[in-house]
Structure formats: structure tokens, C-alpha cells
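In what follows, a structure is listed as C-alpha cells, so that the remarks can point back to it.
These numbers come from the heavy atoms of this one structure, side chains and all, not from hydrogens, waters or symmetry mates. We name chains A, B, ... by the order of the sequence lines, and we start the count at 1 in each one.
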There are 4 protein chains.
Amino acid sequence: MNKVILVGRLAQDPEVRYTQSGKAVASFSLAVNRFGGGAQGQNNADFIPIVAWEKLAETCGNNLTKGQRVLVEGRLQIRSYETNDGQKRRIAEVVAQSIEFLERKQASTGDAGNIDVNSFGKDVFPEEEIPF
Amino acid sequence: MNKVILVGRLAQDPEVRYTQSGKAVASFSLAVNRFGGGAQGQNNADFIPIVAWEKLAETCGNNLTKGQRVLVEGRLQIRSYETNDGQKRRIAEVVAQSIEFLERKQASTGDAGNIDVNSFGKDVFPEEEIPF
Amino acid sequence: MNKVILVGRLAQDPEVRYTQSGKAVASFSLAVNRFGGGAQGQNNADFIPIVAWEKLAETCGNNLTKGQRVLVEGRLQIRSYETNDGQKRRIAEVVAQSIEFLERKQASTGDAGNIDVNSFGKDVFPEEEIPF
Amino acid sequence: MNKVILVGRLAQDPEVRYTQSGKAVASFSLAVNRFGGGAQGQNNADFIPIVAWEKLAETCGNNLTKGQRVLVEGRLQIRSYETNDGQKRRIAEVVAQSIEFLERKQASTGDAGNIDVNSFGKDVFPEEEIPF
DNA sequence: TTTT
DNA sequence: TTTT
């Protein structure tokens with residue numbers, strides 16, 4: 001069991017990239033407030049990296065924008081990578097299995113009349129690297 | 001909502017430290033298998049940093065040992081810190097709210113006859129730094 | 001581990017009652033859509049009984065109304081009771097531990113300017129009966 | 001979001017039945033202790049009805065026995081049915097999406113050498129009735 | 001680096 | 001109806 005459930009707002013628009021084999025990968029940072037979003041100041045949030053793969057990645061790219069509130073269900077993954085100067089680092093991120101839209105996309109961003117309020121993804125343990 | 005539920009084995013004995021004000025903090029790494037712990041090789045695990053505070057920290061120190069299987073419920077926190085040479089880093093860790101013991105402590109590690117199989121903690125958002 | 005996490009809408013205003021010892025108990029039914037709340041018809045929901053105790057019960061009574069969307073975290077409990085004609089029955093209900101308000105109370109139901117968007121409760125295993 | 005996560009012991013061997021179209025359905029009752037399984041007496045458990053469908057149902061039938069400890073992830077469903085004398089009743093049950101075996105099958109129940117310790121299922125919202 |  |  002490796003289960004993560006988060007409710008928060010996108011801190012940025014999702015970025016969608018493609019692996020060499022053509023798989024879509026969306027990534028964004030989710031601002032998860034620690035104390036209910038009250039008046040406790042602007043720093044009371046965890047900014048949690050989210051990645052989504054394939055069909056779910058494309059749903060994110062097409063339907064999510066900065067500021068939108070979502071529920072993310074996924075698993076917590078520790079990924080190793082090397083910095084440009086050769087240091088080994090570890091990064092934690094949540095690999096989304098499903099994303100529930102708790103708000104519609106902002107009207108200003110374009111039409112959003114008919115999107116599904118839920119979109120389900122598959123759990124993936126991809127062999128491929130996340131492209132940078 | 002910021003909820004994490006993990007089942008895994010302690011990759012090491014918990015380390016218990018104390019903050020300047022005397023609060024106990026336990027930390028350990030939890031090995032969470034990705035594919036059900038079968039024969040897929042030894043590398044298929046995420047090693048997830050866990051911290052526990054106060055009474056739950058002491059319960060960890062007294063009752064958990066390397067290799068023991070537990071269920072951890074907590075929240076995912078991103079913490080900023082500085083390296084010795086002044087670089088800013090961010091680390092993700094799970095702040096445990098409760099830990100359920102799925103196995104008794106190894107007999108070889110000492111007496112463990114009558115411990116509770118569950119121990120519950122409170123969610124904490126401590127002001128204090130985790131001591132290193 | 002006995003954990004339930006639901007996102008849905010109140011199917012009715014909460015009813016707040018008091019036990020003989022004066023503990024508040026709120027109860028309501030939560031409509032949880034099965035397929036993302038799309039156009040699949042009105043019958044695709046589970047109506048799940050929720051109960052909340054004490055301070056959380058009062059928060060429910062004061063801040064929640066029919067139709068409002070909430071996230072409920074709790075545990076699943078099977079309770080035995082007797083019908084008026086002496087039959088034994090079992091009912092399942094979710095005992096709320098925390099409720100996150102995903103929407104503000106309807107303006108028409110009264111002022112809702114400044115309520116907290118989160119309200120946290122304690123897990124309770126009360127000895128007392130839920131009053132009818 | 002309709003998510004249930006339970007850790008408990010099978011109160012009985014699973015019963016596997018088949019729908020008219022041939023789908024397997026397993027059902028059993030899961031005893032979920034309220035206070036950590038300590039010495040608080042024998043009545044401190046919720047007996048929660050679990051159902052599993054298709055491949056997961058067969059895995060249950062083949063690998064689970066009374067008394068075995070498992071982790072069940074699923075959704076909470078309210079199902080309507082009629083009693084033999086025509087009364088309408090509602091029953092709550094957890095439709096399992098995945099089951100993690102926290103213990104191997106009892107040796108006395110037969111060979112259990114090489115079973116997977118995890119088995120994953122799909123979320124189903126079947127049109128068909130659960131056979132009685 | 002950041003959301004409301 | 002029940003598990004350890």
C-alpha cells in the first residue's frame with residue numbers, strides 16, 4: 001500500500017512533455033494548504049510535485065490551469081536523478097492515479113462547458129525517464 | 001486533505017532526537033515495495049523518510065526495529081533546509097499521525113511480549129526544526 | 001486501520017441531536033456520485049449515512065446545508081439497533097473524524113462570510129447511543 | 001472520491017458465487033478491530049461485508065481463509081434489496097478494488113508456498129445482481 | 001519558483 | 001453469524 005490523497009490548487013499550469021517513445025507526461029506543483037486556507041499567511045502550504053502519465057497526462061494538459069482546485073489520488077515515489085554537475089539527488093513526487101476536478105477551468109482560459117469532472121488514470125511504474 | 005497511507009518495512013532502526021524545547025522526534029526510512037514484495041528484485045522499493053513527534057516518536061523508539069512491517073498514516077510535507085555549504089534544498093517526508101504495527105518486534109532484539117499492536121499519534125505542525 | 005474518505009454533497013440539512021449526557025451528534029446523508037457527477041442520470045449515487053460527534057457535530061449544524069459539497073474523512077462503523085417491532089438490524093455509517101468544506105454555505109441560507117473552510121474533529125468511539 | 005481502506009481479519013472463509021453471466025463474486029466479512037486488537041474484549045470489532053468481483057474474486061477464493069489478516073482497498077456501496085417477505089432493505093458493503101495479503105494462508109489449510117503477497121483488482125460497478 |  |  002502506497003496511497004496519497006491530496007486536495008489543493010495548481011501552483012502553475014501543467015507542463016506536458018513526451019518521452020522518447022512518445023508517452024505523455026504532465027507535471028505540476030500542487031499547493032496544499034496546511035490549515036484550511038484561512039488567514040494564517042501565505043506560506044502555510046506544501047508545494048508538492050505531481051506527475052501524471054499517458055491519457056491522464058493529456059487530460060491534465062487540456063483541462064487544468066493554475067489556481068484550479070483538484071483532488072489527486074496517487075502514490076508517493078522517490079526518484080533519483082543527477083544534477084548538471086553530476087551530483088546525485090533524490091526527489092519525491094506523487095504519481096497521480098486519478099484526478100478529480102473540484103472546480104471547472106476558469107472561463108477566461110477558454111470554453112469549459114462540457115469537460116468531465118472526473119478523469120481516471122492507471123497506476124504506472126514506467127521504465128522510462130521523465131523528460132526535462 | 002493531505003493524507004498518506006503506507007505499508008512497508010523499516011529500512012533502519014528509528015533514530016530519536018530531541019528539539020531544544022525537549023520534544024522527541026523519531027525518524028526512519030520506510031521501504032515500500034512497488035509490486036507486492038514478490039521476486040522482482042531488490043530494487044523495487046521506494047525508501048520514504050518518516051518523522052514522528054512527541055509521544056508517537058517515543059513509541060517508535062521503544063517498539064520499532066529495522067525490518068519490522070508497519071502501516072504509517074500521515075501527511076506529506078516538503079521541508080526546506082540548507083546544506084553545510086549553504087545550498088538550499090527541499091526534502092519531502094511523511095509526518096506520521098499514527099503507526100499500526102503489523103508485526104511484533106523481533107524477539108532477538110529484546111523482549112517484546114506485550115506491546116500494543118497499535119499506537120496513535122496526533123497530527124502536528126511543529127514550529128520547531130527537526131534536529132540533525 | 002479503518003479509514004473512509006468521501007467527496008459528495010449533503011442530501012439533506014444535518015440534524016443535530018443530544019445524548020442524555022449532553023453530547024452533540026449530527027447526522028446527515030451524503031450523496032457520493034459513482035461516475036464523476038456527469039450526465040449519467042440522477043440515480044448514480046450512493047447515499048451514505050454520516051454521523052459526527054461533539055464539536056464537529058456543532059460545526060456541521062452551524063455550517064453545512066443540503067446540497068453543499070464536502071470531503072468527509074472517518075471510519076466505517078456497523079451499529080446494531082432494534083426496530084420498533086423488536087427486530088434486530090445492523091446499519092453501516094461513517095463516523096466523521098474531519099470534514100473539509102469544498103464550498104461555502106449557500107448565501108440564501110444566511111451569512112457565510114468568514115467560516116473556516118476546514119474543521120477538524122476527533123475520532124470517537126462513544127459508549128452512548130445515537131438518539132433517535 | 002469514495003475510498004475505503006481497512007486492515008482486519010477474515011471472519012469466515014470467502015464464498016465465491018457466479019452471476020448468471022458467469023462473473024465470479026466473492027464475499028466475506030472482515031473483522032476490523034477498533035482498538036488495536038488488544039485485550040479489550042471480544043466485541044470490539046466492526047464486521048464489515050466485503051465483495052470482490054471477477055479475477056480478484058477468484059484470487060480471494062483461492063488464497064484467503066478465515067482468520068487471515070488482509071488490507072482491503074475499495075469503495076463503500078449502498079445496495080438495495082428485498083427480503084423474502086417483500087420488505088425493502090439497504091445494505092452497505094465495501095467493493096474491493098485491491099487486497100493486500102498481510103499474512104500467508106495457514107499452512108494447515110493446504111499448500112501456500114508461492115502465492116503472491118499482493119493481488120490487484122479493478123474497480124467495478126457491475127450491472128448485475130450479487131447472487132444469493 | 002509557486003495556489004486561494 | 002463471526003476474526004486475533
Return the value, rounded to whole Å, for the distance between atom CD1 of A/Ile48 and atom P of E/dT3. 16 Å
Only one of D/Val4, D/Val32, D/Asn33 passes side chain to side chain contact (heavy atoms under 4.5 Å, CB included) with C/Asn2, and that residue is D/Val32
By centroid distance (under 5.5 Å) and plane angle (under 30°), are D/Phe47 and F/dT3 in a stacked arrangement? no
Please report, rounded to the nearest Å, how far the P atom of E/dT1 is from the CZ atom of B/Arg89. 13 Å
Separation of atom CG in D/Leu30 from atom C1' in F/dT2, rounded to whole Å: 11 Å
Does the side chain of C/Glu93 come under 3.5 Å of the side chain of C/Gln77 through a donor N or O and an acceptor N or O? yes
The side chain of D/Asn33 is closest to which nucleotide in this list: F/dT1, F/dT4, E/dT2? F/dT4
note: D/Gln12, atom CD; F/dT4, atom P; distance rounded to Å ~ 12 Å
Salt bridge (Lys or Arg N to Asp or Glu O under 4.0 Å) pairs, two or more places apart, involving residues 81-92 of chain C: none
Considering just the side-chain nitrogens and oxygens of D/Arg9, establish if one lies under 4.0 Å of OP1 or OP2 belonging to F/dT2. no
Within this structure, what is the CZ-to-P distance between C/Phe101 and E/dT4, rounded to whole angstrom? 22 Å
Figure out the CZ/C1' separation between D/Arg69 and F/dT2, and round it to whole Å. 17 Å
Can you tell which of E/dT2, F/dT1, F/dT3 lies closest to the side chain of C/Arg90? F/dT1
Once you round it to whole Å, what is the distance between P of F/dT2 and CG of D/Leu64? 21 Å
In whole angstroms, the gap separating C1' of F/dT3 from CG of D/Leu102 amounts to 14 Å
Where the side chain of D/Ser29 is defined as all heavy atoms beyond and including C-beta, which of E/dT2, E/dT4, F/dT2 is the nearest nucleotide? F/dT2
Starting at CD1 of B/Ile78, measure out to CZ of A/Phe47 and round the result to the nearest 0.5 Å. 10.5 Å
